[in-house]
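A short write-up of the structure that comes next.
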Amino acid sequence: AQRVTQPEKLLSVFKGAPVELKCNYSYSGSPELFWYVQYSRQRLQLLLRHISRESIKGFTADLNKGETSFHLKKPFAQEEDSAMYYCALSVSGGSYIPTFGRGTSLIVHP
Amino acid sequence: DTGVSQNPRHKITKRGQNVTFRCDPISEHNRLYWYRQTLGQGPEFLTYFQNEAQLEKSRLLSDRFSAERPKGSFSTLEIQRTEQGDSAMYLCASSLAGTPPGHFGPGTRLTVL
């Protein structure tokens with residue numbers, strides 16, 4: 001069975017500092033990885049997916065199959081980045097049923 | 001509002017009662033997902049539909065849980081004989097087949113007393 005681990009429940013940084021939200025996964029096949037975000041009083045939404053290889057709101061994430069990681073990074077954090085971030089995995093085959101980690105709360109201080 | 005909607009937003013019930021939640025997906029989306037989330041945890045998959053067909057159910061979904069999507073549009077999730085352990089946020093999401101769920105509804109928060 002697949003598993004997603006987000007080791008940090010809370011990450012606190014100052015505005016302008018680099019951010020790295022850690023995500024590790026376990027799955028024997030070729031997964032698809034995602035990051036979801038939930039801003040305060042808003043709904044959970046998809047932030048980015050590894051196959052897109054795009055930067056969203058300045059965030060990027062690279063799939064490292066050797067280390068089974070998919071860390072989310074941003075070089076300069078902004079206060080509006082404060083939110084709950086969930087890493088998720090779906091198995092190969094296109095079923096797209098994400099298995100979520102427990103989430104990391106990012107707080108960006110002014 | 002063209003997003004995913006869920007009703008009711010909050011439900012308080014006594015142990016042993018039955019409850020039913022409704023989800024209205026984005027209109028052109030043929031996939032609909034149900035997830036459950038408890039405090040401090042990420043969403044846990046319960047079940048999903050493609051059109052009116054229920055294609056997969058989690059082992060978390062006991063016999064007390066049933067979901068339907070009769071016309072391939074809205075869906076209902078019913079919990080029979082509720083238990084205190086059923087207290088959680090129940091989330092619905094929708095997508096087009098072949099894409100991951102991009103947007104979730106606001107959730108229904110269930111409290112079982």
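Just so it is clear: chains get the letters A, B, ... in the order the sequence lines come, proteins before strands, and each one is counted from 1. Since the structure is predicted, the reported quantities are computational estimates derived from the model, not experimental observations.
Ranked by heavy-atom pairs under 4.5 Å with chain B, the first of A/Pro98, A/Ala88, A/Cys87 is A/Pro98. When each of B/Ala93, B/Gly105, B/Ala97, B/Gly40 is scored by its heavy-atom pairs under 4.5 Å with chain A, the top score falls to B/Gly105.
A/Tyr39 and A/Leu11 fall within a single hydrophobic cluster, where Ile, Leu, Val, Met, Phe, Trp and Tyr side chains are chained together by heavy-atom contacts under 4.5 Å. Using a 4.5 Å cut-off between side-chain heavy atoms of Ile, Leu, Val, Met, Phe, Trp and Tyr, with links allowed through other members, B/Leu55 and B/Tyr33 fall into the same hydrophobic cluster.
Residues of residues 61-80 of chain B lying under 4.5 angstrom from chain A, judged on non-hydrogen atoms, do not exist.
Looking at B/Glu56, the atoms closer than 4.5 Å to chain A (heavy atoms on both sides) all sit in the side chain, from C-beta outward. Heavy atoms closer than 4.5 Å to chain A are found in the side chain of B/Gln37, but not in its backbone.
Summarising the geometry, atom CZ belonging to A/Arg102 is positioned 12.0 Å from atom CG belonging to B/Leu39; distances are rounded to the nearest 0.5 Å. Of the inter-residue distances, the one linking A/Ile97 atom CD1 with B/Leu46 atom CG reads 11.5 Å to the nearest 0.5 angstrom.
Under the 4.5 Å side-chain criterion, counting only non-hydrogen atoms from C-beta, A/Tyr96 is not in contact with B/Ser95. Contact annotation: the side chain of A/Leu44 approaches that of B/Pro43 to within less than 4.5 Å [non-hydrogen atoms, C-beta and beyond]. In this structure the side chain of A/Phe34 reaches within 4.5 angstrom of the side chain of B/Pro100, judged on heavy atoms.
In this structure, A/Phe100 has its ring center closer than 6.0 angstrom to the ring center of B/Tyr35.
Across all non-hydrogen atoms, the minimal contact from A/Arg43 to B/Gly3 is NH1-C, 4.2 Å.
Residue B/His103 places its NE2 atom among 12 or fewer non-hydrogen atoms of other residues, nucleotides or ligands, all under 6.0 Å distant. Shown here is A/Lys22, whose NZ atom has more than 12 heavy atoms of other residues, nucleotides or ligands within 6.0 Å.
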